[in-house]
Amino acid sequence: MALDDKNPRVWASLGRQYLMTPKMFGGDVPKAIESFQKSLAFDTSPDETWVWLAKAFQKQGDTSQSTGSGTTRLVIESGISLRPDDRRELGEIR
């Protein structure tokens, strides 16, 4: 059975698999980031995908968020602008 390569949920799920799987078993942070970005290219509304993308950037070592200029910070702000009422998940990765 083939997966729908235009389905944002498929890309988000693949991103989570790459992010959470240990490297020795196929985990790959850059591939996770790419998968989350593909998911968001199809649909920017799922705030959880923004959260996972931010976590992937953090795991990759993007710690410049504290200065307000890092990629993770931009991802957080994008998620907040989409759903300003739901800051709980996004606040956890600050």
Side-chain angles (χ1 to χ4, degrees):
M1 178 177 193
L3 296 176
D4 181 3
D5 67 346
K6 295 190 183 353
N7 185 330
R9 285 186 233 140
V10 169
W11 286 109
S13 177
L14 184 61
R16 287 188 300 272
Q17 289 174 26
Y18 279 130
L19 184 64
M20 301 307 292
T21 302
K23 190 173 185 173
M24 66 186 292
F25 296 114
D28 189 324
V29 177
K31 284 184 180 179
I33 291 170
E34 181 181 344
S35 296
F36 293 133
Q37 289 173 331
K38 284 182 181 180
S39 174
L40 291 167
F42 290 111
D43 184 5
T44 60
S45 65
D47 56 344
E48 68 184 40
T49 305
W50 289 102
V51 171
W52 282 108
L53 178 59
K55 288 183 179 196
F57 279 125
Q58 282 184 325
K59 191 170 184 176
Q60 180 178 277
D62 180 358
T63 56
S64 60
Q65 68 167 337
S66 60
T67 64
S69 62
T71 307
T72 305
R73 185 66 168 179
L74 294 173
V75 170
I76 291 170
E77 288 172 0
S78 295
I80 288 174
S81 70
L82 289 171
R83 299 215 20 204
D85 296 340
D86 190 9
R87 296 174 183 245
R88 188 186 89 245
E89 284 187 19
L90 293 166
E92 290 176 5
I93 58 174
R94 287 185 177 188

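T21 places a side-chain N or O within 3.5 Å of a backbone atom of Q17 that can act as its donor or acceptor partner. Panel note: side chain K59, backbone L19; a donor-acceptor pair is recorded below 3.5 Å.
Annotation: side chain to side chain donor-acceptor pair (under 3.5 Å) contacts of D43 (sequence neighbours excluded): S45. The side-chain contact (heavy atoms from CB on, under 4.5 Å) search around L40 returns T49, W50, L53, not counting sequence neighbours. Under the side-chain contact (heavy atoms from CB on, under 4.5 Å) criterion, E34 pairs with K38, not counting sequence neighbours. Annotation: side-chain contact (heavy atoms from CB on, under 4.5 Å) contacts of K23 (sequence neighbours excluded): none.
Side-chain heavy-atom separations under 4.5 angstrom define the hydrophobic clusters, and the remaining members of the one that includes F25 are M24. Other cluster members for L14: W11, Y18, F42, joined by side-chain heavy-atom distances under 4.5 Å among Ile, Leu, Val, Met, Phe, Trp and Tyr.
The structure places CH2 of W52 at 15.0 Å from CZ of F57, a figure rounded to the nearest 0.5 Å.
Of the residues Q58, Q60, K55, the one that meets the side-chain contact (heavy atoms from CB on, under 4.5 Å) test with V29 is Q60.
Contact record, G15 with A32: O-CB, 3.4 Å, taken as the closest heavy-atom pair.
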